[in-house]
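Take a look at the structure below.
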Amino acid sequence: MVGWQMKRWTGLLGGLVVLVTAQISLAATLTVTPQSNLQAHIDHAQDGDELVLSPGDYHGSVIVDRSLRITGQPGARIIGDHKNSVIRVIAPGVTISGLLVSGSGEDLGAHNAGVLLDKKAHDAVVENNYFKDNLFGVFVQGAKRAFVLNNKIDGMQTRRLNERGNGIHLWNTTGTRIDGNKVRFGRDGIFITTSHGNALLNNHFTHVRFAIHYMYANKNKVMGNYSEGNHLGYALMFSKKLEVAHNRSVADRDHGLMLNFTHRSNIYENLVEQGNADKGPGKCLFLYNASKNEIRDNHLQGCDIGIHFTAGSQDNLIHGNAFVGNRKQVKYVGTRHLEWSVKGRGNYWSDHPAFDLNKDQRADAAYRPNDMMDVVMWRYPLARLLTTSPAVQTLRVAQRRFPALLPGGIVDSYPLMKPVAQTGREGG
């Protein structure tokens, strides 16, 4: 590069540095008091300014149309008009932090929320807030790369469950991270649809319908979350290439994990425990038309059914899982023989009375969770009245003696002698 060109580029870079420095120096920190008009402060602020809200109540709803930090001191509350979203963000680079936000409208179609991130609100940060009695807590409506971190969200309790909004709702977003939030009383803890390449991490859910509900969302991570006492833990539907790991489902009523038309995903090292299978229904894991997934090293305990496997689910790799103390370990109705082991590594079955004479940590006998009578009772529930009859007991003894009499179903040729140690799971 010749000398005059070097001087030209040096001059341009120097001018850019001066411009950026000038913009940074113009950013101001402005203290806002409850007696003033919050919307007016927002309208007069410049990009990069920080509005620090003193303790007290501020009237919403407000619209943030420039790149600001809005930070609340302890006791700062923004109370909505019960007609719209309390805070609507329509500019990029906005941070909402340290506030109590309540009083949204109740229009599901309008997505009334504590904070609504519009399609222009890219790179927003919503952190360390308390959302109370809003229809939706945080609604990400097309914004990219949002960060929703360490918020507490208590949804409306005045509506019936299915008429409430979700704690956190994601639509058409990518690169978004939902991390460390605690959600109660909404419809679903997190509902995500038509959104790819996001991360849902380390969130805690109680008193909701579904902890996490997926629809048409691909290549996402669901890791380290905790669901307790909900209708269903993790409903993964019509999605593919998910990574679902280190999550817990404790005493969720219907299912811990449900894969419905979920394909080519990795489901590993999750814990589902329903307490006591004799005290009510519950499926640890339900697969419905879910194919080409790897399901490994999960701990499924105390459910009415350990895994319900049905409706065309095929080409799944199922190994290293521990089925412990479930009333029925596997429910599968079909004529195909399915091998549930991979490269000589099967699953642990707490009801498998097996020996390991060669000390290789694999049982010497294969495990078949279901027999012909299981299939009959699933297809004809009234047949349960005959379960203690001599004829049924004779048939079951014959099937154990002569495996060729067994119907098509699940076979684990290499059962494990002990469950795989769980690592990396988050606590409650």
Side-chain angles (χ1 to χ4, degrees), residues 57-63 77-89 96 99-118 126 129-143 146 148 150-173 178 181-195 200 203-217 225-237 249-255 258 260 280-282:
D57 292 349
Y58 298 80
H59 295 294
S61 61
V62 295
I63 296 176
R77 300 178 293 269
I78 301 182
I79 312 300
D81 58 6
H82 300 282
K83 296 179 181 179
N84 303 289
S85 292
V86 182
I87 303 173
R88 183 180 177 189
V89 180
I96 308 292
L99 298 166
L100 186 152
V101 180
S102 67
S104 80
E106 298 188 26
D107 188 340
L108 286 167
H111 309 144
N112 292 159
V115 168
L116 189 148
L117 303 178
D118 209 336
V126 181
N129 301 287
Y130 178 28
F131 295 94
K132 183 180 181 182
D133 295 330
N134 302 290
L135 187 63
F136 294 88
V138 179
F139 199 114
V140 183
Q141 189 179 28
V148 182
N150 303 315
N151 300 284
K152 181 180 178 182
I153 302 174
D154 287 347
M156 289 182 175
Q157 301 182 61
T158 55
R159 288 173 160 235
R160 292 184 298 178
L161 180 63
N162 288 338
E163 295 175 345
R164 301 173 186 174
N166 305 306
I168 301 170
H169 191 115
L170 307 181
W171 176 80
N172 194 29
T173 183
I178 312 297
N181 302 282
K182 293 186 176 181
V183 182
R184 301 188 300 174
F185 305 129
R187 179 173 56 194
D188 295 337
I190 298 176
F191 180 85
I192 175 170
T193 182
T194 323
S195 298
L200 314 183
N203 301 287
H204 189 287
F205 309 96
T206 58
H207 303 290
V208 296
R209 185 183 65 165
F210 301 166
I212 294 180
H213 189 180
Y214 259 79
M215 296 286 288
Y216 309 105
N225 300 285
Y226 186 93
S227 171
E228 182 176 6
N230 304 306
H231 289 208
L232 194 154
Y234 308 92
L236 313 175
M237 306 171 67
S249 166
V250 178
D252 289 325
R253 190 187 72 183
D254 299 323
H255 310 297
M258 181 177 73
N260 183 2

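We number each residue from 1, following the sequence as shown. Quick caveat: nothing in here was measured; it's all calculated off a predicted structure.
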Might you work through the side chain to side chain contact (heavy atoms under 4.5 Å, CB included) test for Asn225 and Asn203, ending with a clear yes or no?
CA-CA 5 Å; Asn225 300 285; Asn203 301 287; 3.1 Å; yes

Would you please test Phe191 and Met215 for side chain to side chain contact (heavy atoms under 4.5 Å, CB included) and show each step?
CA-CA 8 Å; Phe191 180 85; Met215 296 286 288; 4.0 Å; yes

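- Here the closest non-hydrogen pair linking Met156 and Arg159 is SD-CD, 4.4 Å.
- Rounded to the nearest 0.5 angstrom, Arg209 CZ and Arg164 CZ are separated by 11.5 Å.
- Separating the CG atom in Leu135 from the CG atom in Asn84 is a distance of 12.0 Å, to the nearest 0.5 Å.
- Just one residue in the list Arg184, Lys132, His207, Lys182 forms a side chain to side chain donor-acceptor pair (under 3.5 Å) with Asp154, and that residue is Arg184.
- Here the shortest heavy-atom pairing between Tyr234 and Ser249 reads CE1-CB, 4.1 Å.
- For the pair Asn129 (side chain) and Val101 (backbone), a donor-acceptor distance under 3.5 Å is absent.
- The one candidate from Ile168, Leu116, Leu108 that meets the side chain to side chain contact (heavy atoms under 4.5 Å, CB included) condition with Phe136 is Leu108.
- In this structure a side-chain-to-backbone donor-acceptor pair under 3.5 Å is present from Asp252 to Gly229.
- A distance of 8.0 Å separates NE2 of His255 from CZ of Phe210, quoted to the nearest 0.5 Å.
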Could you walk me through whether Leu200 and Leu170 pass the side chain to side chain contact (heavy atoms under 4.5 Å, CB included) check?
CA-CA 11 Å; Leu200 314 183; Leu170 307 181; 4.0 Å; yes

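- Counting only heavy atoms from C-beta outward, the side chains of His213 and Arg187 never approach each other to under 4.5 Å.
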Phe131 and Val115: CA distance, side-chain angles, deciding distance, side chain to side chain contact (heavy atoms under 4.5 Å, CB included) verdict
CA-CA 9 Å; Phe131 295 94; Val115 168; 3.6 Å; yes

Side chain to side chain donor-acceptor pair (under 3.5 Å) assessment of Asn151 paired with Asn181:
CA-CA 5 Å; Asn151 300 284; Asn181 302 282; 3.1 Å; yes

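- Taking both residues in full, the closest heavy atoms of Gly233 and Ser227 are given as CA-OG, 3.6 Å, listed atom of the first, atom of the second, then distance.
- Here the CG-CZ distance, from Leu100 to Arg77, works out to 7.0 Å after rounding to the nearest 0.5 Å.
- For the side chain to side chain contact (heavy atoms under 4.5 Å, CB included) with Ile153, the lone residue among Val148, Asn166, Val183 that qualifies is Val183.
- Distance CD1/Ile78 to CD1/Ile96: 7.0 Å, rounded to 0.5 Å.
- The CZ atom of Phe185 sits 6.5 Å away from the OG1 atom of Thr206 when rounded to the nearest 0.5 Å.
- The aromatic rings of His169 and His111 lie parallel to each other, with less than 30° between the two planes, well short of the 60° mark.
- No more than 12 heavy atoms of other residues, nucleotides or ligands sit less than 6.0 Å from atom CZ of Arg88.
- A donor-acceptor pair under 3.5 Å is formed between the side chain of Asn134 and the backbone N or O of Ser104.
- A side-chain donor-acceptor contact under 3.5 Å links Ser195 to the backbone of Thr193.
- Not one N or O on the side chain of Asp133 forms a donor-acceptor pair closer than 3.5 Å with the backbone of Gly103.
- One N or O on the side chain of Asn112 and one on the backbone of Asp107 form a donor-acceptor pair closer than 3.5 Å.
- Crowding of His231 atom NE2: a count of heavy atoms from other residues, nucleotides or ligands under 6.0 Å exceeding 12.
- Heavy atoms only, all atoms of each residue included: Ser61 and Asp81 are closest at OG-OD2, 3.8 Å.
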